[in-house]
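We count ligands from 1, going down the list as the structure has it; atoms in each ligand are counted the same way. Keep in mind that this is a model prediction, so the values were computed, not measured.
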Amino acid sequence: MHIAVYGCGQLAQMMIQAAQPLGHTASFIREDGEDTVCVKDLGNIVLRSELTSDDALKAFLADVDVMTVEKEQVNLEFLRRCAQFVTVHPNPNAVEICGDRWKEKSTLRSLDIPVTDFFDYANPPVEPTHSPLGYIAKSCRDGYDGKHQHRVKTWDELAQLPLQGVALGDWIVEAMVPFDFEFSVVGCRDQAGNIAMYSAIENEHVDGILRRSVTPSNRLPVGLRLEAETYLSRLLDHWGYVGVLTMECFAVNGSMMVNELAPRVHNSGHWSMFNTAASQFENHIRGVTGMILTEPTYQGVRGMLNLVGSDDIPAVAKDNPDISVVLYGKSVRPGRKVGHINVQNDDPGVVKKLLDQLEAAVYPSADG
Ligand code: AMP
């Protein structure tokens, strides 16, 4: 099949690298100014603004069997226009909801899935909500990796934020959650409704950006994992979703709440790239192209460290059969994800030690 991917980043790269051995080919749709280095050898790249007329769009989509997305910050009008001419997975409604924190949290709540307390910045409750750890204001759209957020300690400080005059639905405020740890679940649904669930992942973030992951997590009780998987399945079925959907969660004192959703393959699922029956990328492609999913079995313990702002490979990563380095080919800039390092071993202690060593080498001045 020929797959059109909306987006040209590393997720598009890894999806299509998984698609090619299955016999699929790809084209990519880019925005003005979008860096396309990740996908430069993987298919032709078209500019979205060149597809404004129906004739141009139809001509481009004539060879396309299915379209998918690698990010939630997409032009929804364009995605919906494409859906008139070609199958789009996941469906644009799910992409819209996951790309808007207000709609996302409201949907989760309506499906009885626990979320952080939240309210609209432009319509705060009369009485302050109780939150000993303070508050976090988040832009409803275009926020990712901790961008477009403000953290404050007190209720009164909320009024001082440079957000005066924002409209209803533009910014939400959440109570800061005293979470014990963060975890995510990555699941893939195929066109027949079968779901392949990846092993839940414990995640550590620094400055709002994922730093490292491990699965299985020895801190995540089985009951909580099953609860999270039930919620993710509920969402997948509710939307008739096809492809990978990721749910990021907080574990709080034996219970859980969802922080956010990503309608796509996810950084916390990168551990599945090697020596897993099917990676998140492969199963996503299988799902959207109408193939049967592969149960994502694997052995041992898996870890992943992101390379953010540096592509220097630590000495410990070299010639170690337990370690695989993936570089996306991007130029290095502060705060930019340019690759990741996967670690695997049967012994959780070895995986932790390797991740600690790698992290200390990649982030020498960091405390975590
Ligand atoms: P987000 O952009 O919502 O994924 O937030 C990025 C990171 O900020 C999360 O992974 C958490 O580490 C932290 N964070 C976000 N929202 C909250 C919250 N309500 N309480 C505590 N930490 C949060």
Side-chain angles (χ1 to χ4, degrees), residues 11 71-73 95 97-109 113-121 124-125 128-155 157-158 161 163 169-186 200-215 217 219-220 228 231-232 235 245-253 255-270 304-306 308 335-337 340 359 363 366-368:
L11 300 179
K71 56 188 174 183
E72 53 270 49
Q73 289 84 29
V95 177
I97 291 169
C98 295
D100 182 312
R101 291 184 195 272
W102 178 265
K103 292 178 183 166
E104 180 180 276
K105 285 200 154 58
S106 305
T107 301
L108 288 162
R109 196 171 258 178
I113 299 174
V115 287
T116 50
D117 276 342
F118 68 101
F119 60 85
D120 195 309
Y121 185 83
T129 55
H130 177 67
S131 182
L133 285 188
Y135 305 86
I136 179 165
K138 301 178 177 179
S139 157
C140 287
R141 293 169 293 279
D142 299 330
Y144 62 97
D145 285 346
K147 292 187 174 72
H148 303 291
Q149 298 186 355
H150 300 280
R151 296 179 185 212
V152 294
K153 288 263 174 274
T154 66
W155 178 262
E157 282 173 83
L158 277 174
L161 289 176
L163 298 176
D170 278 354
W171 281 75
I172 62 164
V173 178
E174 295 174 18
M176 284 300 284
V177 176
F179 60 77
D180 302 316
F181 61 94
E182 295 182 72
F183 70 98
S184 54
V185 268
V186 174
I201 310 128
E202 183 180 332
N203 299 314
E204 286 175 42
H205 294 79
V206 176
D207 297 331
I209 301 179
L210 182 63
R211 171 65 63 86
R212 61 191 256 182
S213 300
V214 69
T215 194
S217 162
R219 297 171 78 190
L220 185 65
Y231 295 146
L232 185 56
L235 282 161
L245 176 67
T246 304
M247 199 172 80
E248 294 185 72
C249 310
F250 297 132
V252 199
N253 199 17
S255 62
M256 61 155 291
M257 51 182 71
V258 177
N259 178 34
E260 65 174 350
L261 303 170
R264 54 173 169 78
V265 290
H266 193 258
N267 196 168
S268 66
H270 289 3
M304 193 255 357
L305 178 79
N306 263 337
V308 179
R336 189 178 210 204
K337 288 178 193 165
H340 68 268
E359 185 170 0
Y363 304 97
D367 54 6

Asker: Check for me whether Pro178 has a heavy atom closer than 4.0 Å to any atom of ligand 1.
Answerer: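 Per 4.0 Å heavy-atom rule, Pro178 does not contact ligand 1.
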Asker: Under the 3.5 angstrom rule, does the side chain of Asp180 hit a backbone N or O of Asn253 as a donor-acceptor pair?
Answerer: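 Yes, the answer is positive, given that a donor and an acceptor are paired below the 3.5 Å cut-off.
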Asker: Out of His205, Glu260, Glu182, indicate the one that has the non-hydrogen atom closest to atom 9 (C) of ligand 1.
Answerer: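 Going through His205, Glu260, Glu182 one by one, Glu182 has the nearest heavy atom to atom 9 (C) of ligand 1.
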Asker: What part of Ile136, side chain from CB on, backbone N/CA/C/O, both or neither, has a heavy atom under 4.0 Å from ligand 1?
Answerer: side chain
Asker: Heavy-atom distance to atom 22 (N) of ligand 1: which of Phe181, Phe179, Phe118 wins?
Answerer: Phe179
Asker: Please confirm whether the backbone N or O of Leu158 pairs with a side-chain atom of Tyr121, one donor and one acceptor, at under 3.5 Å?
Answerer: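 Yes: the side chain of Tyr121 pairs with the backbone of Leu158.
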Asker: Sub-3.5 Å donor-acceptor pair from the side chain of Asp120 to the main-chain atoms of Gly169, do we have one?
Answerer: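 Yes; at least one donor-acceptor contact below 3.5 Å.
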Asker: Which atoms of ligand 1 sit under 4.0 Å from any heavy atom of Gln149?
Answerer: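 It comes down to these atoms of ligand 1: 1 (P), 2 (O), 3 (O), 5 (O).
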Asker: Under 4.0 Å, heavy atoms only, figure out whether ligand 1 is touched by the backbone of Glu248, its side chain, both or neither.
Answerer: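 Neither; nothing of Glu248 gets under 4.0 Å from ligand 1.
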Asker: Using the side chain to side chain contact (heavy atoms under 4.5 Å, CB included) rule, pick out the option among Ile201, Val214, Leu220 that qualifies with Phe183.
Answerer: Leu220
Asker: So for Met257, does at least one of its heavy atoms come nearer than 4.0 angstrom to any atom of ligand 1?
Answerer: no
Asker: Would you mind finding which of Arg151, Lys138, Met176 brings a heavy atom closest to atom 15 (C) of ligand 1?
Answerer: Lys138
Asker: Tell me, please, which residues at least two apart from Glu174 pass side chain to side chain donor-acceptor pair (under 3.5 Å).
Answerer: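 Counting only residues at least two positions away or on another chain, Glu174 forms a side chain to side chain donor-acceptor pair (under 3.5 Å) with Lys105, Thr116, Lys138.
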Asker: Taking the six-membered ring for Trp and the single ring otherwise, decide whether the centroids of Trp171 and Tyr135 are under 6.0 Å apart.
Answerer: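 So the answer is no for these two rings.
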Asker: Restricting to side chain to side chain donor-acceptor pair (under 3.5 Å), what partner residues turn up for Ser268, sequence neighbours left out?
Answerer: Ser184, His266
Asker: Any atoms of ligand 1 less than 4.0 Å from a non-hydrogen atom of Asn259? List them with their elements.
Answerer: 1 (P), 3 (O), 4 (O), 5 (O), 9 (C), 16 (N)
Asker: Heavy-atom distances under 4.0 Å decide this one: backbone, side chain, both or neither, for Glu204 against ligand 1?
Answerer: neither
Asker: Under 3.5 Å, side chain of Asn306 to main-chain N/O of Leu210, donor-acceptor pair present?
Answerer: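 Here the side-chain-to-backbone pair exists.
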Asker: Indicate, as side chain, backbone, both or neither, the part of Arg101 found under 4.0 angstrom from ligand 1 when only non-hydrogen atoms are considered.
Answerer: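 Within the 4.0 Å criterion, Arg101 contacts ligand 1 through side-chain atoms alone.
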Asker: Ligand 1 versus Glu174, non-hydrogen atoms closer than 4.0 Å: side chain, backbone, both, neither?
Answerer: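 Side chain only; the backbone of Glu174 stays clear of ligand 1.
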